[in-house]
Amino acid sequence: MGRVLVVDDERGIREAVEALIQGLGHDATLAASLVDAEQALVRGHFDLVITDLKLSPYEDEGLEVVKAARAREPAPEIIVMTAHGSREKAQAAVGQGASFYLEKGPHLASDIRVLARQAITKRALEAENEQLRRALIGEGSSGIIGRSAEMREVLDLVERVAPLQVTTLVTGESGTGKERVARALHEASSVSEGPFIPVNCGAVPEHLIESELFGHVKGAFTGADVEKIGLFQAASGGTIFLDEVGELPLALQPKLLRVLQEHRIKKVGAVDEQSVEVRVVAATNKDLEAEAEAGRFREDLFFRLNVVQINLPPLRRRSEDLPLLAQHFLRKYARAFHRDVDSIEPDAVKRLLDFDFPGNVRQLENVIERGVALTRGRSIGLEQLPKEIRGVSSRPEPVLRVSDEAAFPDAGVDLERLVEDFEYGLIQKALEKAGGVKTRAAELLGVSFRQFRYKLGKLDRSKDKS
């Protein structure tokens with residue numbers, strides 16, 4: 001519902017316009033003079049001001065109403081009403097900031113209905129765009145976007161943790177935006193003027209990762225012809241982002257633990273240690289607690305990294321953020337490709353909302369980039385979406401059921417054993433589909449990770465006994 005201020009010194013016109021505005025479902029406030037209008041503008045916010053240009057006893061006092069309305073922040077839309085033959089004065093009002101002008105006459109009511117709808121719709125769109133803008137933190141660099149409950153919690157954690165030099169672990173599936181969170185933490189920190197050094201621990205060969213992180217002295221190994229500065233030293237006075245930290249070799253993990261505890265590094269081949277002052281943000285798509293239980297990750301290192309944990313939800317769990325993200329990427333690639341693409345067609349938006357996006361935000365960004373590149377018009381339609389999205393929804397229908405025709409044995413069944421076998425089979429299938437990632441498997445089964453671990457352990461013990 002919009003709010004409209006109606007300014008006219010004739011009571012009959014004020015009340016007639018009020019009835020028109022209320023008939024459109026909006027709220028109307030009436031003012032009979034410039035003073036009344038200025039007081040109303042100070043007291044409240046309006047989406048639209050409709051004013052007569054001539055307010056007794058002065059000529060053109062409506063222009064002062066226009067000026068007063070334009071001075072508000074945000075300024076409302078403004079419609080000026082004039083007597084027949086006052087077009088030049090009305091045009092002057094438009095020059096002062098009025099949106100439209102209307103001549104009083106037999107068509108005034110219908111004209112007000114049309115223009116009021118347009119003006120209030122425009123203000124609503126502008127307000128939504130402002131809301132979108134405020135939903136962006138650090139757009140263009142960190143770019144955390146979202147207004148869902150899950151993302152509000154993430155943003156709150158980022159805001160509270162960023163000023164503190166505390167080691168932070170960012171968790172979540174691939175493509176959820178873990179590096180964006182790391183950049184946001186850096187940019188809002190006391191070391192924001194220092195470097196931000198990202199390193200993918202899973203992308204560096206195992207025999208080079210120690211030298212990459214801590215550096216080496218000349219002659220430390222074959223090929224070490226010159227001394228090398230490691231990434232921890234390069235990030236000194238700033239932030240180092242250890243992406244995919246769960247991929248670090250076990251043999252290297254104690255050295256990382258020492259850096260976190262003592263703020264000192266030792267280059268490969270060196271005798272002495274060097275101190276470093278650097279903020280550490282780590283990220284992983286693995287369950288490090290489960291990895292520690294399995295002996296693949298040091299428990300003490302997990303605890304040292306997990307001082308504060310920020311968990312990013314998958315896109316399928318925050319679908320209300322998808323339109324925000326899609327519009328953000330639309331603007332980004334429209335600028336990058338110099339294309340006049342400014343919208344996504346409703347049926348395409350529906351298909352995007354129906355899709356599960358296993359690749360999360362990164363996959364959505366790729367889809368919108370493709371759409372902007374392929375469209376010939378100003379909007380992205382179904383034909384610009386990949387076939388897996390424009391087809392049938394990827395969300396599976398429940399298909400696990402007991403057949404009505406299934407024969408029931410005359411001798412009966414061991415119900416507990418059958419249910420146990422069925423549950424065990426489902427857990428194994430979920431693990432296969434999740435690529436062995438237990439948190440994802442638990443999500444596929446609709447249970448908590450704690451429930452999943454309990455069930456899996458219980459069923460494993462049961463199978464061992466059988």
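In this chain, residues are counted from 1 in sequence order.
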Taking the side chain as every heavy atom from C-beta outward, state whether [X] and [Y] have any pair of such atoms under 4.5 Å apart.
X	Y	value
Leu169	Leu288	yes
Leu250	Arg296	no
Ser275	His263	no
Val268	Phe221	yes
Leu324	Leu322	no
Pro249	Ile209	yes
Ile265	Leu213	no
Glu212	Leu231	yes

Does [X] come within less than 4.0 Å of [Y], counting only side-chain N to carboxylate O?
X	Y	value
Asp300	Arg304	no
Lys267	Glu273	no
Glu383	Arg351	no
Asp321	Arg318	yes
Asp356	Arg316	no
Asp156	Arg152	no
Lys332	Glu369	no

Measuring from [X]:[atom1] to [Y]:[atom2], what's the distance to the nearest 0.5 Å?
X	Y	atom1	atom2	answer
Arg339	Arg376	CZ	CZ	9.0 Å
Ser99	Gln118	OG	CD	10.5 Å
Phe46	Arg3	CZ	CZ	4.5 Å
Ile229	Gln274	CD1	CD	9.0 Å
Leu364	Phe329	CG	CZ	6.0 Å
Tyr333	Ile380	OH	CD1	11.5 Å

Heavy atoms from other residues, nucleotides or ligands near [atom1] of [X] exceed 12 (cutoff 6.0 Å):
X	atom1	answer
Gln261	CD	yes
Gln309	CD	yes
Lys228	NZ	yes
Gln165	CD	yes

Counting N and O atoms only, with roles assigned by atom type, does the side chain of [X] sit under 3.5 Å from a partner on the main chain of [Y], one being a donor and the other an acceptor?
X	Y	value
Gln384	Gly381	yes
Arg362	Gly177	no
Gln253	Arg298	yes
Thr121	Arg117	yes
Arg279	Leu164	yes
Asn285	Gly172	no
His186	Gly194	yes
Thr168	Val166	yes

Residues Asp342, Arg378; criterion salt bridge (Lys or Arg N to Asp or Glu O under 4.0 Å); working and verdict: CA-CA 6 Å; Asp342 54 17; Arg378 298 193 60 158; 2.7 Å; yes

Taking all atoms of both residues into account, what is the closest heavy-atom pair of [X] and [Y], and its distance?
X	Y	answer
Pro195	Ala234	CG-O, 3.3 Å
Thr176	Val361	O-CG2, 4.2 Å
Val217	Ala270	CG1-CB, 3.8 Å
Ile344	Ala326	CD1-CB, 3.7 Å
Ile240	Ala235	CB-CB, 3.9 Å
Ala184	Ile144	CB-CD1, 3.5 Å

Classify the side-chain pair [X]/[Y] by whether it contains a donor and acceptor separated by less than 3.5 Å.
X	Y	answer
His216	Ser211	yes
Ser236	Glu277	no
Glu187	Ser192	no
Glu173	Asn360	yes
Gln363	Asn366	no
Glu320	Ser148	no

Verdict with reasoning, Leu312 to Thr171, per side chain to side chain contact (heavy atoms under 4.5 Å, CB included): CA-CA 6 Å; Leu312 287 177; Thr171 60; over 6 Å; no

Inter- and intrachain pairs under ring pair (Phe, Tyr, Trp, His ring centres under 6.0 Å), touching residues 291-312, at least two apart: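 Of all non-adjacent pairs touching residues 291-312, none passes ring pair (Phe, Tyr, Trp, His ring centres under 6.0 Å).
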
Worked check of side chain to side chain contact (heavy atoms under 4.5 Å, CB included) between Leu48 and Ile78: CA-CA 6 Å; Leu48 172 64; Ile78 305 169; 5.9 Å; no

Salt bridge (Lys or Arg N to Asp or Glu O under 4.0 Å) assessment of Lys286 paired with Glu244: CA-CA 8 Å; Lys286 289 186 173 183; Glu244 303 301 345; over 6 Å; no

Residues Val367, Ile389; criterion side chain to side chain contact (heavy atoms under 4.5 Å, CB included); working and verdict: CA-CA 9 Å; Val367 167; Ile389 297 179; 3.6 Å; yes

Candidate pair Leu305 and Val245, rule side chain to side chain contact (heavy atoms under 4.5 Å, CB included), full reasoning: CA-CA 10 Å; Leu305 290 170; Val245 72; 4.0 Å; yes

Residue pair Lys218, Glu227: steps toward the salt bridge (Lys or Arg N to Asp or Glu O under 4.0 Å) verdict: CA-CA 5 Å; Lys218 182 178 179 181; Glu227 185 169 344; over 6 Å; no

Geometric class of the Phe355/Phe357 ring pair [parallel <30°, tilted 30-60°, perpendicular >60°]: perpendicular

Arg72 vs Glu77, salt bridge (Lys or Arg N to Asp or Glu O under 4.0 Å): CA-CA, chis, key distance, verdict: CA-CA 11 Å; Arg72 306 308 299 166; Glu77 297 296 302; over 6 Å; no

